[in-house]
Amino acid sequence: MSKANYRLVKFLFLALMGLWLLITLFPFYWQIITAFKSAAETNRTIPTFWPEVWHPQNFVSVFAEASNFDALVDSFIIATGNTLASLLLGTLAGYAFARFPRQAGGENLAFWVLSNRMFPPVAVVLPMFFLFDATPWGTDSHLSLIILYLVFNMPLATWLMMVFFRDTPRELEEAAYLDGYTPLRAFFKVTLPLVLPGMISVAMLCWIFAWNEYLFANLLVGTDVRTFTIVIPTFTHGSQTLWNLQMAFSLIAMLPPVILFILLRRYMVRGLSLGVVKG
């Protein structure tokens, strides 16, 4: 390749990367500037790309109703509870499929578990509503969403943990047995620490799904329990949508997953690359 062609290819690559970056970051930029605008400015026919007057008080106004803060707490309880349950069950099931595939049901059962994560959630909305409505705790509770989200998060956790356990040398467990470890002790003392980065990655994926979920939360809860996803559309004044408050509240709701990712990014990178390099 000649130097002129190399420069042309490099220029086109940088131009495409710049365009992709602009398209990716523009919605986030628009969300930020909208959060600082007045309600009148956000509803203009001709949009403004910079706030005429900054309104940082929007971030305080979203908590004018105490229930809005309670919605964030409810979301955190549901996401954390579901993540812990998904990780516990997914880790045990993944270990069984990785170490004892025949006794655990084989590849067909493992694929069936994963297939439960693939079907569209809207297909089971009504059956799930009637099912949880018949339970003693009803639909409008933390427990309902924690259990319901297991339908989607546990298959993902099971499949990923199965892959992580398969990439863990079985010889280390056998060596632990020779040292007198029981299978349960070898699992907790030897195998589990090796897949800890993978577990953290799985936990983050499960937590983010449960934190952001809207469809089932909108159907099952809303009175005693409310998640922030169903609160965001309620910022209205008559027939006017308060886009500034919606964007301010959504920015606040973005903080927990962003903070978690920053704190756990080292484990996330190690977990997502676990087993990629072999030799």
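Below, each value reflects all heavy atoms present in this structure, side chains not excepted, and no hydrogens, waters or symmetry copies. If you read the sequence from its start, that first residue is 1, and numbering goes on from there.
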**Q** Please tell me whether F100 and Y177 are part of a single hydrophobic cluster in this structure, the criterion being side-chain heavy atoms less than 4.5 Å apart.
**A** yes

**Q** Please step through side-chain contact (heavy atoms from CB on, under 4.5 Å) for the pair H142 and D74, ending with a clear verdict.
**A** CA-CA 7 Å; H142 299 102; D74 289 338; 2.9 Å; yes

**Q** In Å and rounded to the nearest 0.5 Å, what is the CG to CD distance from L25 to Q31?
**A** 12.0 Å

**Q** If I compare all heavy atoms of F97 with all of R166, which pair ends up nearest, and what's the gap?
**A**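 Smallest heavy-atom distance, with atoms named: O-NH2, 4.1 Å.
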
**Q** So if you build clusters from Ile, Leu, Val, Met, Phe, Trp, Tyr with side-chain heavy-atom gaps below 4.5 Å, do L84 and F188 land together?
**A** no

**Q** Is there a side-chain contact between T158 and L89 (heavy atoms, below 4.5 Å)?
**A** no

**Q** How about R44: does its CZ atom have over 12 heavy atoms from other parts shown lying under 6.0 Å from it?
**A**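 Atom CZ in R44 is packed in, count exceeds 12.
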
**Q** Roughly how far apart are D179 CG and E174 CD, rounded to 0.5 Å?
**A**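 Spacing of CG (D179) from CD (E174) equals 12.5 Å.
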
**Q** Can you check whether F59 and F36 have ring centres sitting under 6.0 Å from each other?
**A** yes

**Q** Grouping I, L, V, M, F, W and Y whenever their side-chain heavy atoms are under 4.5 Å apart, do F130 and W137 come out in a common cluster?
**A**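 Cluster IDs for F130 and W137 match.
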
**Q** Please check if the side chain of S144 supplies one atom and the backbone of D140 the other of a donor-acceptor pair under 3.5 Å.
**A** no

**Q** Looking at side-chain heavy atoms only, is the closest gap between F216 and F132 below 4.5 Å?
**A**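 Not touching, per the 4.5 Å side-chain cut-off.
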
**Q** Between OG1 of T229 and OH of Y214, what distance do you get to the nearest 0.5 Å?
**A**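 Those atoms lie 7.5 Å apart.
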
**Q** Using a 4.5 Å cut-off between side-chain heavy atoms of Ile, Leu, Val, Met, Phe, Trp and Tyr, which other residues end up in the same hydrophobic cluster as I23?
**A**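 In the cluster with I23 are L19.
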
**Q** Closest approach of A248 and V62, non-hydrogen atoms and distance?
**A** CB-CG1, 4.1 Å

**Q** Check whether any side-chain heavy atom of L245 lies under 4.5 Å from a side-chain heavy atom of S61, and answer yes or no.
**A**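 When only atoms from C-beta onward are counted, S61 and L245 do touch, with a gap below 4.5 Å.
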
**Q** With distance as the sole test, does T135 use its side chain to make a donor-acceptor pair with the main-chain N or O of L131 at under 3.5 Å?
**A** no

**Q** Just checking W112: does its CH2 atom have more than 12 heavy atoms from other residues, nucleotides or ligands closer to it than 6.0 angstrom?
**A**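 Open.
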
**Q** Between F187 and T91, is there a side-chain heavy-atom distance shorter than 4.5 Å?
**A**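 In contact.
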
**Q** Please lay out, stage by stage, how V225 and I78 fare under the test side-chain contact (heavy atoms from CB on, under 4.5 Å).
**A** CA-CA 10 Å; V225 174; I78 292 168; 4.1 Å; yes

**Q** Give the cluster check for L150 versus V125: same hydrophobic cluster or not, with ILVMFWY residues linked at side-chain heavy-atom distances below 4.5 Å.
**A** no

**Q** Are W211 and T80 side-chain neighbours, meaning at least one heavy-atom pair lies under 4.5 Å?
**A**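 Not in contact.
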
**Q** K37 versus I33: any side-chain heavy-atom pair under 4.5 Å?
**A** yes

**Q** Hey, mind stepping through R99 and T168 against side-chain contact (heavy atoms from CB on, under 4.5 Å) and telling me if it holds?
**A** CA-CA 10 Å; R99 292 291 188 260; T168 304; 3.8 Å; yes

**Q** Is a donor on one side and an acceptor on the other found under 3.5 Å between the side chain of Q240 and the backbone of L242?
**A**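 Checked: no pair found.
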
**Q** Check whether any side-chain heavy atom of E41 sits under 4.5 Å from a side-chain heavy atom of H55, and report yes or no.
**A**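 No; the side chains remain at least 4.5 Å from each other.
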
**Q** Do M247 and L251 come within less than 4.5 Å of each other through their side chains, counting heavy atoms only?
**A**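 Side chain of M247 against side chain of L251, heavy atoms only: no contact under 4.5 Å found.
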
**Q** Quick one: CG on L156 to CE on M118, what's the gap to the nearest 0.5 Å?
**A** 10.0 Å

**Q** Minimum heavy-atom separation for N58 and A35, please, with both atom names.
**A**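 Shortest heavy-atom contact: ND2-O, 2.8 Å.
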
**Q** Return the minimal non-hydrogen interatomic distance between I230 and A217, and the atom names on each side.
**A**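 Taking I230 first and A217 second, the nearest heavy atoms are CG2-C, 3.9 Å.
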
**Q** What residues join F11 in its hydrophobic cluster, counting side-chain heavy atom gaps under 4.5 Å, either direct or through other members?
**A** L8, L12

**Q** Does a sphere of radius 6.0 Å around CZ in F69 hold more than 12 heavy atoms from other residues, nucleotides or ligands, not counting ones at 6.0 Å or beyond?
**A** no

**Q** Return the CG to CD1 distance between L260 and I208, rounded to the nearest 0.5 Å.
**A** 8.0 Å

**Q** Apply side-chain contact (heavy atoms from CB on, under 4.5 Å) to residues L145 and N82 and explain how you reach the verdict.
**A** CA-CA 8 Å; L145 287 183; N82 173 259; over 6 Å; no

**Q** Any idea which heavy atoms bring V231 and F249 closest together, and the distance?
**A**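 Answer, listing the atom of V231 first, then F249: CG1-CE2, 4.0 Å.
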
**Q** Heavy atoms only: give me the nearest A39-N244 pair and the separation to one decimal.
**A**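 Looks like N-ND2, 3.4 Å.
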
**Q** With a cut-off of 6.0 Å (strictly less than), are more than 12 heavy atoms of other residues, nucleotides or ligands near CZ of F76?
**A**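 Incorrect, the count does not exceed 12.
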
**Q** To the nearest 0.5 Å, what is the distance between OG1 on T227 and CG on N218?
**A**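 Answer for the OG1-CG pair, T227 versus N218, is 8.0 Å.
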
**Q** Is L21 reachable from Y29 through a run of hydrophobic residues whose side-chain heavy atoms are each under 4.5 Å from the next?
**A**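 They do not share one cluster, since no chain of ILVMFWY contacts under 4.5 Å joins Y29 to L21.
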
